[in-house]
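Predicted, not measured: the structure shown is a model, and the values here were computed from it. Chain identifiers are assigned alphabetically (A, B, ...) following the order of the sequence lines, protein sequences preceding nucleic acid strands; residue numbering begins at 1 within each chain.
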There are 2 protein chains.
Amino acid sequence: MTATNGGPTGTRQDTVAAVVRQWQSVHPDLDTAPMEIIGRINRCAALLQQAEDAPLRRAGLSRPEFDLLGALRRTGHELTPSELARETFSSGAAVTKRLKLLTERGLVERRGDSRDRRVAHLRLTDAGRELVDGTLPEQLDYETAVLSGLDPHRQHELASLLGELLSQLEGRLGALRG
Amino acid sequence: MTATNGGPTGTRQDTVAAVVRQWQSVHPDLDTAPMEIIGRINRCAALLQQAEDAPLRRAGLSRPEFDLLGALRRTGHELTPSELARETFSSGAAVTKRLKLLTERGLVERRGDSRDRRVAHLRLTDAGRELVDGTLPEQLDYETAVLSGLDPHRQHELASLLGELLSQLEGRLGALRG
DNA sequence: AGCAAGTGTTTTACTCGTGAAACATCCTCG
DNA sequence: CGAGGATGTTTCACGAGTAAAACACTTGCT
């Protein structure tokens with residue numbers, strides 16, 4: 001009955017596998033393979049977001065906020081709101097809101113462009129940079145721990161496959177039309 | 001300068017790789033390996049959610065709504081609101097709201113338990129079941145197309161690694177404490 | 001110069017999800 | 001039997017994101 005599994009390597013079943021099995025038994029004709037990737041990515045993302053953000057929350061930051069600060073830190077120079085939106089994959093409106101909060105908290109400073117008075121330039125304050133630099137190592141340690149159930153070889157393999165998928169998606173999406 | 005890459009296999013770089021490179025150059029001491037998995041999972045999930053839901057939206061359903069209907073369909077029997085919440089990994093409040101809309105749309109029916117008058121039992125109406133059965137194949141076809149950039153062998157590999165990661169996460173998360 | 005079109009940013013109105021409290025009902029045990 | 005606590009579900013108040021409109025400014029054209 002449980003024939004799809006590779007072998008008795010002690011691998012406990014994940015919830016997505018169970019869901020897929022249910023669908024198979026209701027619609028044996030359907031090719032449910034995509035669920036095993038997409039369903040798992042979604043579920044992993046959800047679980048990781050819950051777990052992963054613990055060190056960030058301790059620093060009083062949400063992940064989107066940290067992403068914004070991180071973009072400023074890692075690029076090493078000022079960014080405009082629209083650049084921040086691109087860099088963090090969020091909408092301009094969301095960036096505006098976050099910037100408002102983060103500047104109020106003194107983590108980010110705003111400077112108007114002298115030539116073009118529409119645009120703003122954002123940079124980290126000292127406090128902001130210290131917060132990022134202090135939080136990032138903890139965050140990475142925590143993420144390392146979260147992933148430690150997978151041995152290094154598999155982690156590398158997974159990272160590489162995800163990279164391939166992602167670069168395909170980033171290149172091709174938008175070309176597809178439902 | 002660009003030494004970490006495996007080889008010139010023609011693989012276009014994904015955005016996460018670029019972000020990781022930036023961090024490396026700012027903090028060469030940090031182990032950024034987890035980002036290559038977690039960052040990519042998050043980014044894939046975001047991209048997939050945008051793309052992937054096209055056939056669902058045509059059916060007038062959001063993904064959470066479809067997940068709810070799908071849970072009823074694939075289990076094949078009635079479910080209570082709390083079972084639906086568990087099954088779709090969402091909060092009870094969210095399930096209540098979705099059920100309200102879906103029953104108003106005539107896709108789901110509610111029946112009170114005769115013994116315990118607190119609990120409700122939900123089932124698909126004929127219209128609901130037809131909608132699920134009509135939409136799922138299109139959805140799967142679409143997902144297949146979205147993933148088609150990866151050859152079948154790699155898809156299988158990826159699914160399997162994600163399954164391992166997910167079952168680790170589902171088992172271990174909560175045991176970790178930031 | 002001065003207007004139209006374009007671009008960068010913010011505001012607005014709205015949707016959706018959440019946790020906590022409220023509500024309804026059941027169960028247990030004195 | 002009836003109070004107290006547990007359990008299933010819904011309501012409430014709120015936070016966060018979005019698309020589209022509004023706003024502010026620049027640029028190019030005549």
Side-chain angles (χ1 to χ4, degrees), chain A residues 42-43 45-47 49-51 53-54 56-57 60-69 71-72 78-105 108-123 174, chain B residues 42-43 45-54 56-57 60-69 71-72 78-105 108-123 174:
Chain A
N42 286 332
R43 182 94 184 95
L47 280 178
Q49 230 149 33
Q50 269 194 333
D53 296 347
L56 295 187
R57 299 210 100 83
L61 293 172
S62 69
R63 170 146 283 267
E65 285 170 335
F66 184 80
D67 284 350
L68 194 162
L69 298 178
L72 290 172
E78 295 180 331
L79 293 171
T80 68
S82 14
E83 286 168 336
L84 280 168
R86 264 192 294 283
E87 206 65 42
T88 62
F89 308 109
S90 31
S91 71
V95 169
T96 298
K97 284 192 182 177
R98 277 172 215 144
L99 285 175
K100 191 173 168 212
L101 292 178
L102 293 172
T103 50
E104 279 168 6
R105 287 169 63 181
V108 149
E109 267 172 357
R110 167 184 300 256
R111 175 179 76 75
D113 189 300
S114 41
R115 310 252 182 127
D116 186 339
R117 292 195 317 201
R118 288 169 303 182
V119 337
H121 297 275
L122 285 305
R123 62 164 169 264
Chain B
N42 286 332
R43 182 96 184 93
L47 280 177
L48 287 171
Q49 230 149 33
Q50 269 194 332
E52 175 202 343
D53 295 347
L56 295 187
R57 299 211 98 84
L61 293 172
S62 69
R63 170 145 285 266
E65 285 170 336
F66 184 80
D67 284 349
L68 194 161
L69 297 179
L72 290 171
E78 295 179 332
L79 293 170
T80 69
S82 13
E83 286 167 337
L84 281 167
R86 264 192 293 284
E87 206 66 43
T88 61
F89 308 109
S90 32
S91 71
V95 169
T96 297
K97 285 193 181 175
R98 278 171 214 145
L99 285 175
K100 189 172 169 215
L101 292 177
L102 293 171
T103 51
E104 279 168 6
R105 286 168 64 180
V108 149
E109 266 173 359
R110 166 185 299 259
R111 174 180 75 75
D113 189 299
S114 42
R115 310 251 182 127
D116 186 340
R117 292 195 317 201
R118 288 170 301 182
V119 337
H121 297 275
L122 285 306
R123 62 164 169 264

| field | Gap between atom CZ of B/Arg86 and atom CG of B/Leu79 - 0.5 Å precision | value | 10.0 Å
| said: Reading DNA chain C in the 5' to 3' direction, which nucleotide is the first one with an atom under 4.0 Å from a heavy atom of chain A, and which is the last? | reply: C/dG6 to C/dT11
| query | Quick one: is D/dG17 close enough that its OP1 or OP2 comes under 4.0 Å of any side-chain N or O from A/Arg98? | reply | yes
| Within residues 60-69 of chain B, residues whose heavy atoms come under 4.0 Å of DNA chain D | none
| query | Which pair of heavy atoms, one from A/Leu84 and one from A/Ala71, lies closest together, and at what distance? | reply | CD2-CB, 4.0 Å
| Distance, nearest 0.5 Å, that separates NE2 of A/His121 from CD of A/Glu83 | 8.0 Å
| Does the pair B/Glu65/B/Arg98 count as a salt bridge with the N-to-O cut at 4.0 Å? | no
| How about B/Arg115: does its CZ atom have over 12 heavy atoms from other parts shown lying under 6.0 Å from it? | no
| task | Evaluate the side-chain proximity of A/Leu68 to A/Leu122: yes if any heavy-atom separation is below 4.5 Å, no if none is. | result | no
| 5' priority, DNA chain D, between A/Ala94 and A/Arg115 [closest heavy atom] | A/Ala94
| Which heavy atom in A/Arg63 sits nearest to a heavy atom in A/Leu56, and how many Å separate them? | CA-CD1, 3.9 Å
| message | Give me the atom names and distance for the closest heavy-atom approach of B/Pro81 to B/Val95. | response | O-CG1, 3.8 Å
| request: Could you encode protein contacts along nucleotides 6-11 of chain D as a string, one character per nucleotide from 5' to 3', using B for base contact, S for sugar-phosphate-only contact and - for no contact, with a heavy-atom cut-off of under 4.0 Å? | output: BBSSBB
| What closest approach, in Å, do A/Asp113 and A/Asp116 show between heavy atoms, and which atom pair accounts for it? | OD1-N, 3.0 Å
| Within a strict 4.5 Å, meaning less than it, do heavy atoms of the A/Leu61 and A/Arg105 side chains meet? | yes
